[in-house]
A.B. asks: 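The structure is given below, and queries will be raised subsequently.
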Amino acid sequence: MSNVVPSRRTRAVAERQPSQSSQPSESSESPGKTAHQLDDSTNWWHNAVVYQIYPRSFADSNGDGVGDLGGVLERLGYLELLGVDAIWLSPVMTSPMADHGYDVSNPRDIDPLFGDLATFDALVAAAHDRDIRVTMDIVPNHTSNQHPWFAAAIASPAGSPERARYIFRDGRGVNGELPPNNWPSVFGGPAWTRVAEADGQPGQWYLHIFAAEQPDLNWDNPEVFADLERTLRFWLDRGVDGFRIDVAHGMAKPPGLPDMDLATVGLLVNDDNDLRFNNPGVHAIHRKIRAVLNDYPSAANVGEIWVDDNVAFANYIRPDELHLGFNFRLAKAEFTVDDIRAAIENSLTAVESVGGRPTWTLSNHDVEREVTRYGGERGDLSVGLNRARAMALVELALPGAVFIYNGAELGLPNVDLPDEVLQDPVWERSGHTERGRDGCRVPLPWEGAAPPFGFSSTPNTWLPTPASWASLTVEAQLEDINSTLSLYRQALELRYARSEFAGDGVEWYGAPAGCLAFRRNVGRLVCAVNTNDHPVALPPGEVLLSSAPLINGELAPNAAVWLV
Ligand code: GLC
């Protein structure tokens, strides 16, 4: 296709020198070869475009209907073509899949559903050959209830060291029949489940902020960090370039586990006053994690931090804590000038206070896809798509790291799935009142005219792909200069290649009502957005890229433009 500049990438793979201070890995866990890591920079993450792969939904190489690592390996060329700097793999470790991998029963192995360690090693090497870094999800807040530690805890008495790795408490009430406090689970129902003791009688309760199959670890117990350190080094020694830390504002719990104000909670809702999260003790944990990562100078970690307050957010990315904080402000912003501007200003203000780097995203595997979100209550997907394209140019015009959720680059909407195929634990735990997150996790459409569009060789994929996605396949979009995929490819290429993207600051331009315009402070790239339902005149400059064709030389409704 003519509109995309040839790949910017050059091969830059070098042997990583083991750090002096890193612990030797256990021989049974060693990859048995020198790990490869890209070595051109220790701050590759400052402006990286990171592509989130939800492995179940990306590409299925073995025909079982579920995506896997072999599928990622086969489609690496696509990611290179797209122009991303790194991938983030949602969890691929051994898991009973109660929460699709976010319930880990062995953090130092690959689940057979996704492949094995050999395939993982091959993926890391092949990605590095293409100049793409590999980061993995790590789940330190909880384990699976099928983790050997939890099995041992259940089999051991109250007060035992085995139970001390989790948060077991006696119940309230005359016979301990009431949960130890009033905390609800994020997924619905109580955050506590009662176990049967060795004598068969109901006994203690254990805490699970998420599903009952995800018992919370006791981060006051030094064994818990020691095991996480083993896990971090296990994957770093295999050559991974960093981690996405799940529930990075979790882990630490308030002393005494007091009752919480239930007005602050809702299913899958986040609130800064929620006692279950963002407790001060979490920062000591991040400092310990960072100390491990510092042994691997080009590795970086990004934490999932659902915290709104700027100061509280910034605390997580102080120089000795996380490298990056996953920032949901743009994903939560309405398509209005005020919301978009407030999201950008707050994000920049928060990180500036600690000298950190901003991050941006429009969606991930936990939230509604942006095309549907921006379609509004009327569900107008064509408006939603136009706005999603405009917002892609907004986020890619900003300084910092950008996270693209797989399928966003194809302009995929959420899917209204029938009840009988829903798999998110939220559906069951909410008593079928909350449909959960499956609608944003439908398998990607690659090629062909009928579902599953090359995702798998079986039509029985883990979630069904709608027939209407025929026009959204990679194949259909690749040669179409106006497709969302082409827009992303051009935007990523320009973002990498053009000097106008220089500078860490943003200056605001005056703009007509309903419009927003900002400029990169050093390179002077201008990004202008029109949220009106009518065209508006462009700011001065030469158009570099526009999310929709200009209308008589003016910026179309629900569109954005880059100018130099
Ligand atoms: C994070 C993940 C989400 C998961 C939860 C529990 O929020 O992003 O998918 O369900 O943690 O691990």
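Keep in mind that this is a model prediction, so the values were computed, not measured. For ligands, and for the atoms within them, numbers begin at 1 and follow the listed sequence.
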A.B. asks: Assess whether atom CG of Asp416 is packed by more than 12 heavy atoms of other residues, nucleotides or ligands within 6.0 Å.
C.D. replies: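 Atom CG in Asp416 is not packed in, count stays at 12 or less.
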A.B. asks: At the 4.0 Å heavy-atom cut-off, does His208 count as touching ligand 1?
C.D. replies: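 It does not, in that no heavy atom of His208 comes within the 4.0 Å cut-off of ligand 1.
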A.B. asks: Just need the protein heavy atom nearest to atom 9 (O) of ligand 1, so name the residue and atom and give the distance.
C.D. replies: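 For atom 9 (O) of ligand 1, the nearest protein heavy atom comes out as Asp366 OD1, 2.7 Å.
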A.B. asks: List ligand 1 atoms under 4.0 Å from His365, heavy atoms only on the residue side.
C.D. replies: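 Reading through ligand 1 atom by atom, the close ones are 2 (C), 3 (C), 8 (O), 9 (O).
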A.B. asks: Looking at Arg290 and Asp320, is there a salt bridge between them, counting it only when a charged N and a carboxylate O are closer than 4.0 Å?
C.D. replies: no
A.B. asks: Using the salt bridge (Lys or Arg N to Asp or Glu O under 4.0 Å) rule, pick out the option among Arg165, Arg276, Lys253 that qualifies with Asp216.
C.D. replies: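 When salt bridge (Lys or Arg N to Asp or Glu O under 4.0 Å) is applied between Asp216 and each of Arg165, Arg276, Lys253, only Lys253 qualifies.
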A.B. asks: To check your reading of the model: name the closest protein heavy atom to atom 5 (C) of ligand 1, its residue, and the distance in Å.
C.D. replies: Phe210 CE2, 3.8 Å
A.B. asks: Would you mind running through ligand 1 and noting each atom that sits below 4.0 Å from a heavy atom of His142?
C.D. replies: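 Those of ligand 1 that fall under 4.0 Å from His142 are 6 (C), 12 (O).
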A.B. asks: Starting from atom 7 (O) of ligand 1, find the nearest protein heavy-atom neighbour and note its residue, name and distance.
C.D. replies: Glu304 OE2, 2.8 Å
A.B. asks: Does at least one non-hydrogen atom of Arg437 fall below 4.0 angstrom from an atom of ligand 1?
C.D. replies: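 A heavy atom of Arg437 does come that close to ligand 1.
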A.B. asks: Please determine if Trp306 has a nitrogen or oxygen closer than 3.5 Å to a nitrogen or oxygen of ligand 1.
C.D. replies: no
A.B. asks: Tell me whether His249 reaches ligand 1 (any heavy atom closer than 4.0 angstrom to a ligand atom).
C.D. replies: no
A.B. asks: Does Arg75 count as lying over the ring of Trp446, i.e. NZ or CZ under 6.0 Å from the six-ring centre, within 45 degrees of the axis?
C.D. replies: yes
A.B. asks: Is the cationic atom of Arg108 (NZ for Lys, CZ for Arg) positioned less than 6.0 Å from the six-membered ring centroid of Phe234 and within 45 degrees of its normal?
C.D. replies: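 No; the conditions do not both hold, so Arg108 does not lie above the ring face of Phe234.
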A.B. asks: May I ask you to list the atoms of ligand 1 that are less than 4.0 angstrom from any heavy atom of Arg441?
C.D. replies: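 Listed by number with element, the hits are 9 (O).
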A.B. asks: Relative to atom 1 (C) of ligand 1, which among Val426, Asp246, Asn364 owns the nearest non-hydrogen atom?
C.D. replies: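 When every heavy atom of Val426, Asp246, Asn364 is considered, Asp246 comes closest to atom 1 (C) of ligand 1.
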A.B. asks: Which atoms of ligand 1 sit under 4.0 Å from any heavy atom of Gln214?
C.D. replies: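 Result: 6 (C), 12 (O).
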A.B. asks: Going by the angle between their ring planes, with limits at 30° and 60°, are His249 and Phe277 parallel, tilted or perpendicular?
C.D. replies: parallel
A.B. asks: Closer than 3.5 angstrom, by distance alone: can the side chain of Arg357 be matched with the main-chain N or O of His46 as a donor-acceptor pair?
C.D. replies: yes
A.B. asks: Nearest protein heavy atom to atom 10 (O) of ligand 1, by residue and atom, and its distance?
C.D. replies: Asp99 OD2, 2.5 Å
A.B. asks: Using the rule salt bridge (Lys or Arg N to Asp or Glu O under 4.0 Å), only one of Asp308, Asp366, Asp339 pairs with Lys332; which is it?
C.D. replies: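 Going through the options one by one, the only one that passes is Asp308.
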A.B. asks: Hey, does the Lys NZ or Arg CZ of Arg435 hover above the aromatic six-ring of Trp427, less than 6.0 Å from the centre and inside 45° of the axis?
C.D. replies: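 Yes, a cation-pi geometry.
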